[in-house]
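Letters go in sequence order (proteins before strands), and every chain restarts at 1.
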There are 2 protein chains.
Amino acid sequence: MEATLEQAVSILRRNQLKITKQRHALLDYLVTYQDHYVAISAVDEHMRTLFAGMSHNTIYRNIKEFETLGLLEVKSADNQTLVKYQCDFEHQHHHHFVCSNCGRVIELQACPLDAYEAQLPGCTITGHRMEIYGLCDQCTAKGVQAN
Amino acid sequence: MEATLEQAVSILRRNQLKITKQRHALLDYLVTYQDHYVAISAVDEHMRTLFAGMSHNTIYRNIKEFETLGLLEVKSADNQTLVKYQCDFEHQHHHHFVCSNCGRVIELQACPLDAYEAQLPGCTITGHRMEIYGLCDQCTAKGVQAN
DNA sequence: CACTAAATCATAATCATTACTATTTAGTTT
DNA sequence: AAACTAAATAGTAATGATTATGATTTAGTG
Ligand SMILES: [Mn+2]
Ligand SMILES: [Mn+2]
Ligand SMILES: [Zn+2]
Ligand SMILES: [Zn+2]
């Protein structure tokens, strides 16, 4: 199921957040990256050309807000924060393969967590993260070299 | 198997890197964090009190070098780079549980990768990362609240 | 249209990390 | 043991991502 911009807007409404043109433009941009992670700083740069005079603060604050609402997935890499428009607002749990050449994200089914619980007696598990890296089928077919 | 400081020093030698007192002090500090991730910026701050006048550059550059040599594990979180003295220089593959209260790292056996390969036909897998988060047995026993 | 809390702008600050160049030093050679 | 030299470090400043602040604007409401 693809998450749409309209869904996101209605989630803002449901949480009594104002639908500003800045927020709309930001979501509009993020929705084009449904299947890629983008650096917030790149989003920032883009928005500020597209939307003259938009404040850093506005972009960063809203992205944080969107994360809280579950509209975005966030991760940290290489001293940057990367975001990706959430695949599915119903929070269906899954993992990702990320192409290190084109950045494409492929969703993976199943979760390895169960297999590890027995190794952590007495511990409280609150979360986990698993990601696989490599070259997607298209990039592999093109003969791109893995770094 | 615990990795020792002497092993690290001999790996520097083997790679024709000079054993400076700065490098030795740095390794000496990192080895005390065998089972925790530490922010490089925190290592930097500590080394500069302990070793008056040590340059940022020296710390960051050497940590990068140590990573290349396989002496350190590195990850990115919260706009910082975290490092951990490698558990085992023979690169025995495994995953981690990280306590979000005390930071303790517990090693996990087995790897979930195989189960996913069938879902990525035509792709080239070059790496993966899996981590489980929560409270370790000691912190759970103390009644620490999970955030 | 007026109201007001929420959101944005504009600017500057902060923090981690990197760049640069003169100086020092570990390890080697004479 | 002194000389040599490539490698490493110090000291300083720059960069880049992100956050803070306080004045101004605006979305949504009645
Ligand atoms: Mn997904
Ligand atoms: Mn380990
Ligand atoms: Zn690709
Ligand atoms: Zn713990």
Note to self: Quick one, H95(A) with H128(A), criterion ring-ring contact (aromatic ring centres under 6.0 Å, His included). Give me CA distance, side-chain angles, the key distance, then yes/no.
What the structure shows: CA-CA 10 Å; H95(A) 294 279; H128(A) 67 290; 5.0 Å; yes
Notebook entry, point to check: Can you find a side-chain donor-acceptor pair between N79(B) and S76(A) that sits under 3.5 Å?
Noted result: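 Side-chain D/A pair, N79(B) to S76(A): absent.
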Next item on the list: Establish, from distance only, whether the side-chain atoms of E73(B) and Y85(B) form a donor-acceptor pair under 3.5 Å.
Entry: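 Result is no, nothing qualifies.
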Residues that [X] engages under side-chain contact (heavy atoms from CB on, under 4.5 Å), provided they are two or more places apart:
{"X": "A39(B)", "answer": "S41(B), A42(B), Q80(B), L82(B)"}
{"X": "T124(B)", "answer": "L135(A), T140(A), T126(B)"}
{"X": "N57(A)", "answer": "S55(A), R61(A)"}
{"X": "Q119(B)", "answer": "L108(A), Q109(A), Y116(B)"}

Notebook entry, point to check: Under a 4.0 Å heavy-atom cut-off, which of residues 50-60 of chain A touch DNA chain D?
Noted result: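 Hits under 4.0 Å, by residue number: H56(A), N57(A), Y60(A).
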Margin query: Suppose we screen for salt bridge (charged side-chain N to carboxylate O under 4.0 Å, His left out). Which residues come up paired with R129(B), at least two apart in sequence or across chains?
Written below: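 R129(B) satisfies salt bridge (charged side-chain N to carboxylate O under 4.0 Å, His left out) with E131(B) only.
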What's the [atom1]-[atom2] distance between [X] and [N], to the nearest Å?
{"X": "E45(B)", "N": "dT17(C)", "atom1": "CD", "atom2": "C1'", "result": "15 Å"}
{"X": "I63(B)", "N": "dT17(C)", "atom1": "CD1", "atom2": "P", "result": "9 Å"}
{"X": "N62(B)", "N": "dT17(C)", "atom1": "CG", "atom2": "P", "result": "15 Å"}
{"X": "R61(A)", "N": "dA10(C)", "atom1": "CZ", "atom2": "P", "result": "14 Å"}
{"X": "D44(A)", "N": "dT8(C)", "atom1": "CG", "atom2": "P", "result": "14 Å"}
{"X": "H24(A)", "N": "dA7(C)", "atom1": "NE2", "atom2": "P", "result": "16 Å"}

Notebook entry, point to check: Does the side chain of Q22(B) get closer than 4.0 angstrom to OP1 or OP2 of dA26(C) through an N or O atom?
Noted result: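 Result: no.
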Next item on the list: Could you tell me whether the phosphate oxygens of dA16(C), OP1 or OP2, come under 4.0 Å of any side-chain nitrogen or oxygen in T81(B)?
Entry: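 No, because none of the side-chain N or O atoms of T81(B) sits under 4.0 Å from OP1 or OP2 of dA16(C).
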Next item on the list: Have a look at R23(A) and say if it touches a base, only the backbone sugar-phosphate, or nothing, with a 4.0 Å heavy-atom cut-off.
Entry: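 Sugar-phosphate, backbone atoms only, no base.
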Checklist line | Residue list, side chain to side chain donor-acceptor pair (under 3.5 Å) with E65(A), at least two apart or on another chain | finding: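 E65(A): side chain to side chain donor-acceptor pair (under 3.5 Å) contacts with R23(A).
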With the criterion being N/O to N/O and under 3.5 Å, what pairs connect the protein with nucleotides 27-30 of chain C, and how long is each?
residue: dG27(C); atom: OP1; partner: I19(B); partner atom: N; Å: 2.9

Next item on the list: Return the angle between end axes of the helix from dC1(C)-dG30(D) to dT30(C)-dA1(D), with five pairs used per end and rounding to 10°.
Entry: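 Between the first-five-pair axis and the last-five-pair axis there is 30°.
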Quiz: residues 10-18 of chain B side-chain donor-acceptor pairs under 3.5 angstrom, not counting sequence neighbours:
residue: S10(B); atom: OG; partner: Q7(B); partner atom: O; Å: 3.0

Next item on the list: Measure the spacing between CD1 of I59(A) and CG of D44(A) and express it to the nearest 0.5 Å.
Entry: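 Answer for the CD1-CG pair, I59(A) versus D44(A), is 4.0 Å.
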Notebook entry, point to check: Between K84(A) (side chain) and V74(A) (backbone), is there a donor-acceptor pair under 3.5 Å?
Noted result: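 No.
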Check: Got a donor-acceptor contact below 3.5 angstrom from the T32(B) side chain to the D28(B) backbone?
Finding: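 No.
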Item checked: Y33(B): partners by ring pair (Phe, Tyr, Trp, His ring centres under 6.0 Å), with sequence neighbours left out ->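 Applying ring pair (Phe, Tyr, Trp, His ring centres under 6.0 Å) to Y33(B) gives Y29(B).
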Margin query: Need two values: the first and the last nucleotide of DNA chain D, 5' to 3', having an atom under 4.0 Å from any heavy-atom of chain B.
Written below: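 Contacts span dA6(D) to dT18(D), reading 5' to 3'.
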